[in-house]
Peer 1: 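The structure follows.
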Amino acid sequence: MGASSYAQENEVSFEVKLSKEKLGINERLRVEFTMNKDGDNFNPPPFEGFKVVMGPSQSISSSWINGKRSFSKSYSYILVPTARGKFTIKQATIEISGDTFKTLPKTVEVTAAVDKPSDEKTVDDVADESLHLVAEVSKGNPYLNEAVTVVYKLYVSPSISVTNYRPLDNPKYNNFWSQDIPVTKHTAQNGTYQGKPYRFVILKRVVLYPQKFGSLEIEPLSLEIFVDVPTNRRDFFGGRIYTQTSKTVSAGRRTLNVKALPEAGKPVNFGGAVGDFDFSVTASKTQLNASESLQAKVEVSGKGNLKLFQLPEPELPSALEVYEPEFDENVRTNSSGMEGKVADNYTIVPTFRGKYPIPSISFSYFNPKTSKYVTLNSEEINIEVLEGPVGSSSDNSTVSSGNKQFVIPTGKQFHFIKLSPNLSKIGTNYFFGSNIFYIMLFAPLLLIPIAVFSFKKREAIASDVAGNKIKRANKLAKKYLSTAKKELGNKEAFYVALEKGLHNYLKAKLKIETSEFSKEKITAILTEKKVAIADTHGFIGLLKNCEMARYSPFSDVQMQNDYDLASEVISKLDKQL
């Protein structure tokens with residue numbers, strides 16, 4: 001069915017599989033390219049004579065068997081023929097470990113239409129057509145160090161229901177400074193995808209600042225999605241029967257063409273700031289005495305790459321003692337980038353009396369909106385030291401006469417030494433008979449009744465087994481259902497939080513990942529743990545309500561009842577597990 005190639009050390013398999021080699025013009029063809037090692041730069045054939053109606057759908061599986069790793073990755077396409085005749089599925093290529101591998105070409109014959117097409121849509125086909133993960137990029141041609149926002153949206157057709165998901169491969173964002181923006185609520189919204197009505201959920205937001213110019217690639221995000229897909233079967237009451245399946249979806253690679261900052265007009269003191277900023281230099285006081293201190297703050301505020309550049313340093317007179325600055329940062333990152341302020345706080349201590357200017361400082365940045373450089377200058381600050389010794393640089397500090405220097409004193413330089421010092425004899429302290437001696441002697445006697453009382457109190461609390469179990473169960477229910485309680489009245493968010501809380505409880509209690517299990521599997525596990533049938537049915541009933549709530553109207557009363565029932569079920573299960 002395909003071609004196999006061999007690397008120097010390990011066998012590499014890359015092959016193409018066809019659902020059939022002969023089909024009617026009214027049938028569908030499934031083409032799957034599979035490999036046993038992960039690769040890059042997959043390039044499909046042109047599919048001449050066919051129209052791609054779905055794909056590529058990516059699937060990844062990995063397992064360990066007897067200490068050996070088994071890996072499989074595939075790209076699947078659903079094709080419909082456009083004409084009768086014989087057509088060739090040409091070679092696909094992929095790069096694995098630096099080598100290029102190709103599949104063998106395959107021939108497909110398309111005949112006249114058949115009476116009963118044998119390739120009706122499977123559950124996997126419906127899931128593939130109904131799930132789409134899209135990475136929306138705010139700008140594809142940014143400047144170096146300009147903010148770019150990437151929003152990952154999962155589009156879901158109204159015909160299926162998503163029960164859970166888990167990430168398979170998170171992008172590393174090489175050559176970018178990245179900051180994730182937490183998504184606190186996965187609220188479904190109505191929208192369109194390729195002109196068709198869909199519901200979408202924002203799964204992830206990230207802000208990127210490119211650190212080099214040129215063509216930069218954003219790696220794809222891959223997720224495994226667990227869904228319920230409707231079938232053509234009906235239950236006893238006429239309701240449609242749903243089948244559970246999981247599909248791997250991936251947001252395709254995106255490429256940004258990052259522009260270098262222009263050289264024309266670039267200031268000499270430019271330090272890499274990109275955005276829209278304000279700049280200031282302030283002093284806590286401008287008049288003080290020698291040996292007192294003041295604070296000088298160099299601050300940049302606004303919107304841009306605030307964490308990615310250095311602040312300018314002030315040039316201060318040598319007569320001012322300056323300590324290493326303390327960096328102060330108050331920056332928040334939202335969906336449009338970093339915003340806030342950064343500052344260097346300098347502690348300055350003057351040594352001599354006089355007037356000292358802090359010269360104007362300049363700060364330059366590049367504004368990507370106007371594509372121009374901007375230079376801001378601070379105001380000059382004059383520091384006046386009122387009292388203190390006169391420095392050697394002062395005009396009246398020294399008087400020259402030949403080769404001699406006379407220092408003019410600024411006050412009394414010497415004081416008369418006392419002839420009769422006021423001294424007292426140092427006493428001797430003894431431990432025996434002191435206050436500390438008696439405290440340490442009687443303290444153990446006072447602690448004995450306190451210890452006896454505490455022991456009896458703890459023994460009484462420990463003997464109340466039933467009460468302790470009830471307290472622990474109530475605390476456990478509040479712990480796992482706290483998020484759901486906050487969302488009472490918001491149907492979708494409430495039931496998402498409720499379902500997650502139930503799964504998290506079993507995960508913590510049984511040390512298993514219950515989100516990957518069906519309701520039948522969970523029932524079997526609880527039965528094996530000898531949980532009461534009524535409690536098991538109550539737990540499964542709550543999970544069903546969480547699923548039904550996505551498409552059925554539920555009142556606030558029903559939500560409150562389900563919350564109370566969830567608390568009761570968790571309390572009962574905790575006594576039995």
Peer 1: In Å, rounded to the nearest 0.5 Å, how long is the span from NZ of Lys303 to CD of Glu339?
Peer 2: 5.5 Å
Peer 1: The test is side chain to side chain contact (heavy atoms under 4.5 Å, CB included); show your working for Asn561 and Leu565 and say whether it passes.
Peer 2: CA-CA 6 Å; Asn561 291 339; Leu565 179 59; over 6 Å; no
Peer 1: Kindly determine whether Ile225 and Leu133 satisfy side chain to side chain contact (heavy atoms under 4.5 Å, CB included), including the steps that lead there.
Peer 2: CA-CA 10 Å; Ile225 309 294; Leu133 183 62; over 6 Å; no
Peer 1: Hey, does the side chain of Ser19 reach the backbone of Arg30 with a donor-acceptor pair shorter than 3.5 angstrom?
Peer 2: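 Yes; judged by distance alone, with no hydrogens or angles, the pair exists.
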Peer 1: In the structure I gave you, are the side-chain heavy atoms of Met559 and Glu487 within less than 4.5 Å of one another anywhere?
Peer 2: no
Peer 1: Could you pull out all residues at least two apart from Phe279 that satisfy ring pair (Phe, Tyr, Trp, His ring centres under 6.0 Å)?
Peer 2: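 Phe363.
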Peer 1: Could you check whether any side-chain heavy atom of Pro167 comes within less than 4.5 Å of a side-chain heavy atom of Leu223, counting everything from C-beta outward?
Peer 2: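 Yes, at least one pair of side-chain atoms sits under 4.5 Å.
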Peer 1: State which residues pass ring pair (Phe, Tyr, Trp, His ring centres under 6.0 Å) with Phe494; sequence neighbours excluded, sorted by chain then number.
Peer 2: none
Peer 1: Please check: side-chain N/O of Gln244 versus main-chain N/O of Asp228, any donor-acceptor pairing under 3.5 Å?
Peer 2: no
Peer 1: First locate atom CG of Leu573, then atom CG of Asp535, and finally report the distance between them rounded to the nearest 0.5 Å.
Peer 2: 5.5 Å
Peer 1: Under 4.0 Å between a side-chain nitrogen and a carboxylate oxygen: does that hold for Lys259 and Glu146?
Peer 2: no
Peer 1: Does a side-chain heavy-atom distance below 4.5 Å link Arg205 with Thr149?
Peer 2: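 SC-SC contact between Arg205 and Thr149 ruled out.
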Peer 1: Restricting to salt bridge (Lys or Arg N to Asp or Glu O under 4.0 Å), what partner residues turn up for Lys307, sequence neighbours left out?
Peer 2: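 Applying salt bridge (Lys or Arg N to Asp or Glu O under 4.0 Å) to Lys307 gives Glu329.
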Peer 1: Considering residues at least two apart in sequence or located in another chain, which fulfil the salt bridge (Lys or Arg N to Asp or Glu O under 4.0 Å) criterion with Lys529?
Peer 2: none
Peer 1: Which pair of non-hydrogen atoms, one from Pro171 and one from Leu221, has the smallest distance, and what is that distance?
Peer 2: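 For Pro171 versus Leu221, the nearest heavy atoms are CD-CD1, 3.9 Å.
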Peer 1: So, do Leu131 and Val156 sit near enough that their side-chain heavy atoms are less than 4.5 Å apart?
Peer 2: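 The answer is yes; the side chains approach within 4.5 Å.
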Peer 1: Can you list everything that forms a side chain to side chain contact (heavy atoms under 4.5 Å, CB included) with Ala188? Sequence neighbours excluded, please.
Peer 2: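 Checked Ala188 against side chain to side chain contact (heavy atoms under 4.5 Å, CB included); matches are Arg199, Val201, Glu492.
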Peer 1: Is Lys17 salt-bridged to Glu32, cutoff N-O under 4.0 Å?
Peer 2: no
Peer 1: Any donor-acceptor pair under 3.5 Å linking the side-chain atoms of Ser364 with those of Asn269?
Peer 2: yes
Peer 1: Mind checking whether Leu543 and Ile522 have side chains closer than 4.5 Å, heavy atoms only?
Peer 2: yes
Peer 1: Checking Asn170 now: which residues fulfil side chain to side chain donor-acceptor pair (under 3.5 Å) with it, not counting sequence neighbours?
Peer 2: none
Peer 1: Apply ring pair (Phe, Tyr, Trp, His ring centres under 6.0 Å) to Tyr365 and list each qualifying residue two or more places apart in sequence or on a separate chain.
Peer 2: Phe277
Peer 1: Using salt bridge (Lys or Arg N to Asp or Glu O under 4.0 Å) as the criterion, list what pairs up with Glu219, not counting sequence neighbours.
Peer 2: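 Salt bridge (Lys or Arg N to Asp or Glu O under 4.0 Å) check on Glu219 returns nothing, list empty.
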Peer 1: Go through Lys102 and Thr93 one step at a time and tell me if the side chain to side chain contact (heavy atoms under 4.5 Å, CB included) criterion holds.
Peer 2: CA-CA 5 Å; Lys102 299 180 180 181; Thr93 62; 3.6 Å; yes
Peer 1: side-chain contact (heavy atoms from CB on, under 4.5 Å) with Val148: which of Ile218, Val206, Leu256, Val207?
Peer 2: Leu256
Peer 1: Step by step, work out the side chain to side chain contact (heavy atoms under 4.5 Å, CB included) result for Leu203 and His186.
Peer 2: CA-CA 7 Å; Leu203 298 181; His186 296 106; 3.9 Å; yes
Peer 1: Tell me every residue that passes side chain to side chain contact (heavy atoms under 4.5 Å, CB included) with Leu308, counting only those two or more places apart in sequence or in another chain.
Peer 2: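 Scan of Leu308 (side chain to side chain contact (heavy atoms under 4.5 Å, CB included), adjacent residues dropped) gives Asn145, Trp177, Tyr209, Gln211, Asn305, Met338.
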Peer 1: If you count every heavy atom of other residues, nucleotides or ligands that lies below 6.0 Å from Lys266 atom NZ, does the total exceed 12?
Peer 2: yes
Peer 1: Just how far is it from atom CD of Gln560 to atom NZ of Lys485, taken to the nearest 0.5 Å?
Peer 2: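 Nearest 0.5 Å value for the CD-NZ distance: 8.5 Å.
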Peer 1: To the nearest 0.5 Å, tell me how far Glu520 CD sits from Ile540 CD1.
Peer 2: 8.0 Å
Peer 1: Check the surroundings of atom CD in Glu326: do more than 12 heavy atoms from other residues, nucleotides or ligands lie under 6.0 Å from it?
Peer 2: no
Peer 1: Taking the side chain as every heavy atom from C-beta outward, state whether Asp562 and Tyr495 have any atom pair closer than 4.5 Å.
Peer 2: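 Result yes, sub-4.5 Å side-chain heavy-atom pair found.
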Peer 1: How about NZ on Lys204, more than 12 heavy atoms from neighbouring residues, nucleotides or ligands closer than 6.0 Å, or not?
Peer 2: yes
Peer 1: Using the salt bridge (Lys or Arg N to Asp or Glu O under 4.0 Å) criterion, which residues pair with Asp564? Sequence neighbours excluded.
Peer 2: none
Peer 1: Side chains of Asn334 and Ser336 only: does a donor on one sit below 3.5 Å from an acceptor on the other?
Peer 2: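 The answer is yes; a qualifying pair exists.
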Peer 1: Please report the interatomic distance CD1(Ile78) to NZ(Lys51), rounded to the nearest 0.5 Å.
Peer 2: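 Taking CD1 in Ile78 and NZ in Lys51, the distance rounds to 14.0 Å.
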Peer 1: Could you pull out all residues at least two apart from Thr527 that satisfy side chain to side chain contact (heavy atoms under 4.5 Å, CB included)?
Peer 2: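 So Thr527 forms a side chain to side chain contact (heavy atoms under 4.5 Å, CB included) with Thr523.
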Peer 1: Does the Tyr173 side chain pair with the main chain of Gln179, one donor and one acceptor, at a distance under 3.5 Å?
Peer 2: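 Looks like no, no N/O pair under 3.5 Å.
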Peer 1: Please tell me if the side chains of Val274 and Pro368 come closer than 4.5 Å, counting only heavy atoms from C-beta onward.
Peer 2: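 Side-chain contact under 4.5 Å: yes.
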Peer 1: Provide the full list of ring-ring contact (aromatic ring centres under 6.0 Å, His included) pairs with a residue in residues 146-165, sequence neighbours left out, each pair given once.
Peer 2: Tyr155-Tyr193, Tyr155-Phe200
Peer 1: To the closest 0.5 Å, what do you measure between CD1 (Ile160) and OG1 (Thr163)?
Peer 2: 10.0 Å
Peer 1: Is there a side-chain contact between Met35 and Tyr75, using heavy atoms and a 4.5 Å cut-off?
Peer 2: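 In short, these two side chains touch, coming nearer than 4.5 Å.
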Peer 1: Quick one: which of Asp38, Thr248, Asn36, Ile94 gives a side-chain contact (heavy atoms from CB on, under 4.5 Å) with Lys73?
Peer 2: Asp38
Peer 1: Which of parallel (below 30°), tilted (30 to 60°) and perpendicular (above 60°) describes Phe33 and Phe47?
Peer 2: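 The rings of Phe33 and Phe47 sit tilted, inter-plane angle from 30° to 60°.
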